[in-house]
Participant: 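Quick one: the structure is below, questions incoming.
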Amino acid sequence: MILAYKYKLRASPSQKMIMTNWLFMLRSHYNFCLRDRIEAYEQVKSPQLGNYSILKTKASCCPLTCSISPQSQLGEPFKKTGKKRNAYEMQSSELPILKKARPWYKGIYSSVLQQNLRRLNDAFTNFFEGRGYPKFKTRQNFKSFSYASNQVKLESNKIYLPSIGWMRFFKSRNISDGFALKTVTVRQKSDGWYVSIRIENKDIPQSKPKDLEQVKTVIAADLGVKKLLALSNGELIENPQFEKRLSKRKTIRQRRASRKKRGSSNQKKAYAKLARLDQKIVNQREDNQWKIAHRLARLADAIILEDLKIQNMIKKCRAKQDENGKFLKNGQSAKRALNRLIRDCSWGNLTEKIESVAAKFGLIFLKVSPKFTSQKCSHCGHIEKKNRNKERFLCLYCGFFSDSDTNASICIGIKGIETLGINLSKLLMVNQEVTPKPASTGSSNREKSVSLETEPGNPQQLSLFEWVNGEAIPC
């Protein structure tokens, strides 16, 4: 079994200075090696430097048919045995030369530099698998470095990091006996330094998903903005909107930081306060997401979610132009608030946490396409766009009335159950009617009641007296 624990470090000022300097040098080394690999890749794709030279025979050849390395130009391309090195091994063989040319890199532990190159190699591996082109790192998005296994020592609430020394940490949880340290990652955040320890115990087998025959209950969920999750059993989980709660305080701190003298100590302190506020929002959101993930894991043996294309949902609207080339309104200003809410929901991180918890407890996790799930009736299967009206769902074919998000979650569950091949009776769902939202007084869109088939006529109005010639006569 493999687990990961995170602790907050209690580093001394000198240790903080060392780790901060390491981040600057590692980021520079990462960007330098990234540029080398990009140039090698682009040169192979569209050669510009003329003929290559084969190192063994010293003969020239056509760049379209031969290349020393399609991914790197640094380091020795061949091992002592004559075998060809890959891009990581080539750049790793360049590290001794780097330390001679730039002696300040000798202070960084050798394993940390190698892990930095592995990080770059993983970025290119993801690129070749279609996950985006590697980008150069800035100070804001390069905040960590890693040690390899069997190099870090751990005793009680103390940890030893090579070339940095011993330091204490807040031991919020105990590491069980039998677990060995694997990769150790040190990360800088706005409120301090943290260490993430990856531990492994080979005696404990990793949890395997349950067989379909062992599944007794299935829960499905629909992701939303106002309702973060709408479960198929009728339960609604509201969106806390942590960023919106602290938006006024964040605006004030942004204004204060922008008014400080540029480059001054007061400006740095103001931006540090702003960063701590952003970190607080992230911590609140992640804590809520972990609680939701464990809550779903306790409800059922299988969890089904919708597979949303979040990046497509927050894309900017296309520009509109008239005949004269003048730009027209395209609704982007109105969509900005929706994009902000979608980012605050953080559906991607929530889905990853639910999947992680499901794998930890051996549950089945599945994502299905959300196509037509908001327009389909969970009672009869009729699909029509007019079935849904904001948060109300009324099937125009069978008259089924329900909450729109709950109905969509049931449709997601039905689609997932059909994919898994499980009996529909195992899905936790509710078919109770939801009280419709009353129309406001004086609204032109007020709903009119439909007359019944055997609706009686208006009853005769009764009276206690009859008026004859201005006198009241009792009936």
Side-chain angles (χ1 to χ4, degrees), residues 2-8 119 122-123 126 129-132 135 137 140-144 146 172 183 185 187-191 194-198 219-231 235-247 250 275-299 303-315 336-361 363-370 405 408-409 412 416:
I2 299 176
L3 300 174
Y5 290 169
K6 184 170 66 174
Y7 303 98
K8 187 174 182 180
R119 180 177 180 179
D122 293 340
N126 293 334
E129 294 178 357
R131 299 195 189 102
K135 297 180 180 179
K137 298 294 184 180
Q140 287 74 23
N141 54 19
F142 193 93
K143 294 287 188 180
S144 64
S146 301
S172 55
T183 307
T185 302
R187 187 179 304 276
Q188 183 187 26
K189 294 187 178 182
S190 58
D191 57 345
Y194 290 81
V195 59
S196 178
I197 303 174
R198 197 164 175 239
I219 191 73
D222 175 70
L223 300 172
V225 177
K226 292 184 178 179
K227 306 166 188 174
L228 185 60
L229 283 178
L231 306 183
E235 185 178 354
L236 302 176
I237 301 177
E238 297 295 330
N239 181 18
Q241 298 186 10
F242 297 109
E243 187 174 356
K244 188 176 181 179
R245 290 180 182 180
L246 300 175
S247 59
K250 185 177 179 179
R276 285 195 293 269
L277 183 62
D278 288 333
Q279 185 63 40
K280 180 179 180 180
I281 295 172
V282 172
N283 293 340
Q284 289 177 339
R285 187 187 295 122
E286 288 188 351
D287 177 68
N288 183 57
Q289 289 175 350
W290 282 117
K291 290 178 180 178
I292 292 175
H294 284 85
R295 185 176 178 182
L296 294 180
R298 290 191 294 266
L299 287 176
I303 303 174
I304 303 174
L305 296 180
E306 53 183 339
D307 189 9
L308 295 177
K309 306 298 180 183
I310 303 175
Q311 293 298 326
N312 296 338
M313 297 175 65
I314 60 178
K315 279 185 177 180
R336 188 184 306 166
L338 177 61
N339 292 347
R340 192 181 295 113
L341 283 175
I342 292 175
R343 292 190 182 94
D344 192 16
C345 293
S346 188
W347 293 328
N349 291 336
L350 176 61
T351 303
E352 289 178 357
K353 289 178 176 59
I354 295 175
E355 184 177 5
S356 174
V357 173
K360 180 180 178 180
F361 292 104
L363 307 180
I364 296 177
F365 178 83
L366 179 66
K367 291 194 292 186
V368 298
S369 173
D405 297 324
S409 63
I412 291 170

Participant: Counting N and O atoms only, with roles assigned by atom type, does the side chain of Trp347 sit under 3.5 Å from a partner on the main chain of Gly224, one being a donor and the other an acceptor?
Facilitator: yes
Participant: Taking the side chain as every heavy atom from C-beta outward, state whether Lys250 and Asp278 have any atom pair closer than 4.5 Å.
Facilitator: yes
Participant: Test your reading of the model: is there a side-chain donor-acceptor pair from Glu355 to the backbone of Phe365, 3.5 Å cut-off?
Facilitator: no
Participant: Roughly how far, to the nearest 0.5 Å, is CG of Leu228 from CG of Leu223?
Facilitator: 7.0 Å
Participant: I need the minimum non-hydrogen distance between Met313 and Asn339, along with the two atoms involved.
Facilitator: O-OD1, 3.9 Å
Participant: So, taking the atom named CD1 in Ile412 and the one named CG in Asp307, what distance separates them when rounded to the nearest 0.5 Å?
Facilitator: 10.5 Å
Participant: Let me confirm one number: the OG-CZ distance from Ser146 to Arg119, rounded to the nearest 0.5 Å.
Facilitator: 7.0 Å
Participant: Can you classify the ring geometry of His294 versus Trp290 as parallel (below 30°), tilted (30 to 60°) or perpendicular (above 60°)?
Facilitator: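 Rings of His294 and Trp290: tilted, 30 to 60°.
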Participant: Any chance you could lay out the side-chain contact (heavy atoms from CB on, under 4.5 Å) test for Asp287 and Gln284, step after step, and finish with the verdict?
Facilitator: CA-CA 5 Å; Asp287 177 68; Gln284 289 177 339; 5.9 Å; no
Participant: Passes side-chain contact (heavy atoms from CB on, under 4.5 Å), Arg343 versus Ile314? Steps please.
Facilitator: CA-CA 9 Å; Arg343 292 190 182 94; Ile314 60 178; 4.2 Å; yes
Participant: Does the side-chain contact (heavy atoms from CB on, under 4.5 Å) test come out yes or no for Glu306 and Lys367, once each step is laid out?
Facilitator: CA-CA 5 Å; Glu306 53 183 339; Lys367 291 194 292 186; over 6 Å; no
Participant: With rounding to the nearest 0.5 Å, note down the distance linking CD1 in Ile281 to OG in Ser346.
Facilitator: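 One gets 12.5 Å once the value is rounded to the nearest 0.5 Å.
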Participant: Do you know which two heavy atoms are closest between Leu229 and Ala221, and how far apart they sit?
Facilitator: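 Shortest heavy-atom contact: CD2-CB, 3.8 Å.
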Participant: Under a 4.5 Å cut-off applied to non-hydrogen side-chain atoms, are Leu350 and Arg285 in contact?
Facilitator: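 Counting from C-beta outward, Leu350 and Arg285 never come under 4.5 Å.
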Participant: In this structure, which one of Ile304, Leu231, Leu305 forms a side-chain contact (heavy atoms from CB on, under 4.5 Å) with Ile219?
Facilitator: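 Result for side-chain contact (heavy atoms from CB on, under 4.5 Å) with Ile219: Leu231.
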Participant: Roughly how far apart are Leu296 CG and Ile354 CD1, rounded to 0.5 Å?
Facilitator: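 That separation rounds to 5.0 Å.
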Participant: Does the Ser247 side chain pair with the main chain of Lys244, one donor and one acceptor, at a distance under 3.5 Å?
Facilitator: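 A pair under 3.5 Å: yes.
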Participant: Is the number of heavy atoms from other residues, nucleotides or ligands under 6.0 Å of Gln311 CD greater than 12?
Facilitator: no
Participant: Please answer whether the main-chain N or O of Pro240 pairs with a side-chain N or O of Arg245 as donor and acceptor at a distance below 3.5 Å.
Facilitator: yes
Participant: For the backbone of Gln279 and the side chain of Asn283, can you confirm whether one donor and one acceptor N or O come within less than 3.5 Å of each other?
Facilitator: yes
Participant: What closest approach, in Å, do Ala275 and Ser190 show between heavy atoms, and which atom pair accounts for it?
Facilitator: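 Of all heavy-atom pairs spanning Ala275 and Ser190, the closest is O-OG, 3.2 Å.
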Participant: If you measure from NZ on Lys280 to CG on Asp191, what distance do you get to the nearest 0.5 Å?
Facilitator: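 Output value for this atom pair is 12.0 Å.
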Participant: Restricting to non-hydrogen atoms, name the atom on Ala230 and the atom on Asp405 that form the minimum distance, rounded to 0.1 Å.
Facilitator: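 Nearest heavy atoms, Ala230 then Asp405: CB-CB, 3.5 Å.
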Participant: Is the backbone N or O of Arg340 less than 3.5 Å from a side-chain atom of Asp344, with the two atoms forming a donor-acceptor pair by type?
Facilitator: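 Checked: no pair found.
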Participant: Hey, does Gln289 have a side-chain heavy atom less than 4.5 Å from the side chain of Glu352?
Facilitator: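 In short, these two side chains do not touch, never coming nearer than 4.5 Å.
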Participant: What are the two closest heavy atoms between Ala297 and Phe361, and how far apart are they?
Facilitator: CB-CD1, 4.4 Å
Participant: Please check if the number of heavy atoms outside Lys360 that lie under 6.0 Å from its NZ is greater than 12.
Facilitator: no
